[in-house]
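A quick note: this is a predicted structure, and the numbers were derived from the prediction, not measured. In what follows, residues are counted from 1 in the order of the sequence shown.
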Amino acid sequence: MADFGGDVEGFRAEARSWLEANFPRSLRDNSGALEEAMMGARRPTGDAELWRGRMAQKGWGAPTWPAAYGGGGLTPIQARVLGEEMAAIGATNPIVGMGTSMFGPTLLEYGTEDQKQRHIPPIVRGELRWCQGYSEPGAGSDLASLQTKCEDAGDHWLVNGQKIWTSGAQYADWCFCLVRTDTARKHEGISFVLIDMHQAAVETRPIKLIAGSSPFCETFFTNARVEKNDMVGPLNGGWSVGKRLLQHERSGQGGGRMLGTGPSLPELAKTYVGVDAAGRIADADLRSRIAAHMIDARAHALTIRRAASEARGNQNPSATTSIMKNSSTRIGQEKAELTLEIMGSRGLGWEGDDFTPAEREAVRGWLSGKAWTIFGGSAEIQNNIISKRILGLPDPLGANAQ
Ligand SMILES: Cc1cc2nc3c(=O)[nH]c(=O)nc-3n(C[C@H](O)[C@H](O)[C@H](O)COP(=O)(O)OP(=O)(O)OC[C@H]3O[C@@H](n4cnc5c(N)ncnc54)[C@H](O)[C@@H]3O)c2cc1C
């Protein structure tokens, strides 16, 4: 555990005693259930709701956001200490979702004072769910081709068009959305608006995924109303706002579950493949590939930690988030592949009692992990960004990339 000196150690003591008094022990190491309660069909109840309410009141669900909008007002170092203390007792942040990870930080940078006052506090309290209306049937990697139209209707805006792959749209209260406000210009004809999902003009149709669940939707807007004060950034100036949001999205994909979850690969291999006379994984080739994977995962984790400790103050994410996203998703997918390989025929389970829950989960995890190198911009698009924005190579398309 890092030692940051007197003041910070004082904060550590404060955080530890508050967590001791307020974190319900029934939620220990239960981040999956909490995440489901915040982002899925169910709303938090019981101890999950108690924990959400307490963290909301303290502002520690968004620890570094300004206290003026309900955030914790902590320094990045204090926030890290809070994270360490939470991890030490198996506590996770109950206030998760696109509001805290993507939209909130973007609004804090680009929003008007009125927009921040209206939209940030409910996010900090974990009361409202946000979804992302970016992709369209004809605009994915080439996002700036989007066609969803937004027209001036006097005292409000009118939005017509279709979005696709809108994660959690069926449960969302609000959508941050890129729309076309000028058909003559491409990137300079896009605006960033906030759409209330609780209106008859919005229809969501869930799409079933290969892994069996329906995490995202087709979303249709038919004369959807947007208030005049819910455009973020200037008219036709939404591309910069939208790109910054994508950087926040990718910075959240540089670690955590994208690195793969589940038991350690050596333990798994010893169980399924067996051990040699020296107690090592019996298959020498598999053993060296697992070792190479673990070295990559460790190097990635240390790089993330170094980058975080080198960052001074509340710096916004940059194009380097593309490197972290590609690195973490590759490592996570590799872990899922190795897991199935280790399980052999036991790694083919889908449903029924012939396979253990962990074996069935491994298959579903492997399938859903395929999406990691697609959402938030595909791996190839991240490579384009790295080559242009970080390496300074020429852009063959001359495009204003994401
Ligand atoms: C699980 C999941 C959740 C998602 N959630 C959301 C969401 O909440 N909101 C939202 O708006 N979108 C969401 N998306 C959509 C996601 O952002 C798009 O799928 C992604 O941007 C790719 O767009 P596309 O699917 O249209 O593929 P395409 O753009 O058609 O790309 C197809 C293939 O061509 C490659 N390619 C395209 N252009 C280039 C190029 N210039 N150079 C090199 N290769 C290229 C791509 O890398 C890809 O492999 C989600 C996607 C998934 C899988």
Side-chain angles (χ1 to χ4, degrees), residues 1 25-37 39-40 83-84 86-93 96 209-213 215 252-305 324-375 379:
M1 199 175 282
R25 295 304 146 125
S26 63
L27 299 177
R28 202 181 160 91
D29 297 324
N30 202 0
S31 60
L34 273 177
E35 206 165 302
E36 164 64 18
M39 305 204 298
E84 288 174 359
M86 287 173 65
I89 59 166
T92 44
N93 187 350
V96 290
L209 255 191
I210 191 173
S213 57
Q253 293 168 348
R257 71 191 168 97
M258 305 295 161
L259 284 173
T261 52
S264 91
L265 291 179
E267 291 310 313
L268 207 63
K270 284 178 182 174
T271 306
Y272 281 90
V273 180
V275 292
D276 64 12
R280 302 173 306 179
I281 298 163
D283 181 330
D285 171 59
L286 179 64
R287 192 167 69 228
S288 70
R289 284 187 292 126
I290 289 176
H293 166 81
M294 290 175 72
I295 291 167
D296 278 0
R298 182 85 182 124
H300 176 87
L302 289 173
T303 305
I304 295 255
R305 248 170 73 181
M324 297 307 176
K325 188 200 173 206
N326 271 5
S327 169
S328 68
T329 51
R330 184 188 62 75
I331 291 167
Q333 288 181 342
E334 192 177 74
K335 181 171 185 190
E337 296 275 348
L338 281 166
T339 301
L340 288 205
E341 183 184 336
I342 289 167
M343 288 180 169
S345 60
R346 307 291 313 162
L348 297 171
W350 184 249
E351 55 192 5
D353 294 335
D354 290 345
F355 297 92
T356 66
E359 287 166 350
R360 294 195 300 266
E361 189 47 43
V363 179
R364 287 170 193 271
W366 172 71
L367 286 170
S368 58
K370 300 289 174 199
W372 298 343
T373 41
I374 301 173
F375 62 62

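- You'll find the side chain of M324 reaches within 4.5 Å of the side chain of H300, heavy atoms only.
- Residues E341 and R289 are paired through a salt bridge, judged by an N-O separation under 4.0 Å between the basic side chain and the carboxylate.
- The backbone N or O of P266 sits nowhere less than 3.5 Å from a side-chain atom of R287 that would complete a donor-acceptor pair.
- No side-chain heavy atom of L268 sits under 4.5 Å from any side-chain heavy atom of S264.
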Steps toward side-chain contact (heavy atoms from CB on, under 4.5 Å) verdict (H293, D296): CA-CA 5 Å; H293 166 81; D296 278 0; 5.6 Å; no

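- In this structure, R330 fails the cation-pi test against W372, since its NZ or CZ atom is not both closer than 6.0 Å to the six-membered ring centre and inside 45 degrees of the ring normal.
- With a 4.5 Å cut-off on side-chain heavy atoms, L286 and V273 count as touching.
- Of the inter-residue distances, the one linking R298 atom CZ with I331 atom CD1 reads 12.0 Å to the nearest 0.5 angstrom.
- Between the side chain of Q333 and the main chain of G369, a donor-acceptor pair closer than 3.5 Å is present.
- Between the R28 side chain and the I89 main chain, a donor and an acceptor come within less than 3.5 Å of each other.
- The two residues W350 and L367 have their closest heavy-atom pair at CZ3-CD1, 3.6 Å.
- Two residues are said to be in side-chain contact when any heavy atoms from C-beta on lie closer than 4.5 Å; R280 and V275 fail this criterion.
- When all heavy atoms are compared, the tightest approach of M343 to A358 is CE-O, 4.1 Å.
- Taking CG from L340 and OG from S345, the interatomic distance works out to 11.5 Å, rounded to the nearest 0.5 Å.
- E359 and Y272 share a donor-acceptor pair across their side chains, judged by distance under 3.5 Å alone.
- M294 CE: 12 or fewer foreign heavy atoms inside a 6.0 Å radius.
- Annotation: D353, atom CG; neighbour count of heavy atoms from other residues, nucleotides and ligands within 6.0 Å does not exceed 12.
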Steps toward side-chain contact (heavy atoms from CB on, under 4.5 Å) verdict (I342, I290): CA-CA 10 Å; I342 289 167; I290 289 176; 3.8 Å; yes

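- No side-chain heavy atom of K335 sits less than 4.5 Å from a side-chain heavy atom of L338.
- Salt bridge status for K370 with E337: present, with a side-chain N to carboxylate O gap under 4.0 Å.
- Heavy-atom minimum distance, D283 versus D285: OD1-N, 3.0 Å.
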